[in-house]
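What follows is one structure encoded as structure tokens, with my remarks underneath.
Both ligands and their constituent atoms are indexed starting at 1 by order of listing.
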Amino acid sequence: MERDIERILLHHDQIRERVRQMAAEIAAVYDQRRPALTLVPILSGSIIFLADLIRELPLKMKIALVQVSAYPGRAVTAHEPQTMIALSGEVGARDVLIVDDILDSGRTLRRVRAMIAERHPASLRTAVLLRKRSKAPPDVQADFVGFDIDDLFVVGYGLDFGDHYRNYPHIGVLRPELLP
Ligand code: IMP
Ligand code: MG
């Protein structure tokens, strides 16, 4: 796995520190006395970020899952996202925080936001670990962003290529010869 990575963009220590700060930013926004929070992680890319984030978040919460795939198979450019697993859990009348690994073309978030909005949440916000600076469209904003990065294809810390590399602990740039 290591030898497929050209360089480390974000080291795990750096990610951990930023995730801690993000948890503090998020905790400051919600009412800790009347918690009605539901996190909606977008599978599968958000799993590692979610696991680290929620353990730093001192709020009572529920989790509702949804799986959307914008990069089927070994694609490295975004396609129209497909809903693979429909949204489970309670989001109506609750404070909903969508959690995703990366905001790229914004199509995934646009779709998931619309799905949740139909069920009338009390509030709807989004947290992403990464945002591709040049690409995120103006109508799809994230309320909490870990890092702004260049338009590179990255893997690790949950992010995949062909469903591999999610367990790589850092966020790295794949060797270009491995990309289609
Ligand atoms: P969007 O719909 O184009 O914003 O794409 C968002 C989804 O595509 C994310 O949830 C990721 O799963 C995936 N994605 C986007 N960019 C990358 C990348 O650089 N590496 C791995 N997955 C990515
Ligand atoms: Mg994803």
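Counting only heavy atoms from C-beta outward, the side chains of Ile26 and Leu53 approach each other to under 4.5 Å. The closest side-chain heavy-atom distance from Tyr30 to Leu97 is below 4.5 Å.
Taking every heavy atom of Asp101 and a limit of under 4.0 angstrom, the matching atoms of ligand 1 come to 9 (C), 10 (O), 11 (C), 12 (O). Close contacts of ligand 1 with Lys132, meaning ligand atoms under 4.0 Å from a residue heavy atom, involve 16 (N), 17 (C), 18 (C), 19 (O). The contact set between ligand 1 and Thr108, taken as ligand atoms under 4.0 Å from a residue heavy atom, comprises 1 (P), 2 (O), 5 (O), 6 (C), 7 (C). Near Leu152, meaning under 4.0 Å from one of its heavy atoms, ligand 1 places the atoms 19 (O). Under a 4.0 Å criterion applied to the non-hydrogen atoms of Asp100, ligand 1 contributes the atoms 9 (C), 10 (O).
Of the N or O atoms in Gly106, one or more lie within a sub-3.5 Å distance of an N or O in ligand 1.
Looking at Val154, Val173, Val155 and measuring to atom 21 (C) of ligand 1, the nearest heavy atom belongs to Val154.
Side-chain contact annotation: Tyr157 with Asp52, donor-acceptor N/O pair under 3.5 Å present. Side-chain contact annotation: Tyr165 with Asp4, donor-acceptor N/O pair under 3.5 Å present.
Only the side chain of Leu159 comes within 4.0 Å of ligand 1, judged by heavy-atom distances.
If you take CE on Met61 and OG1 on Thr38, they are separated by 10.0 Å, rounding to the nearest 0.5 Å.
Using a 4.0 Å cut-off between charged side-chain N and carboxylate O, Arg133 and Asp151 make no salt bridge.
In this structure, Gly45 does not count as a contact residue of ligand 1, since none of its heavy atoms falls inside 4.0 Å of the ligand.
Each of Asp104, Asp101, Asp150, Asp148 was scored for a salt bridge (charged side-chain N to carboxylate O under 4.0 Å, His left out) with Lys132, with one residue passing: Asp104.
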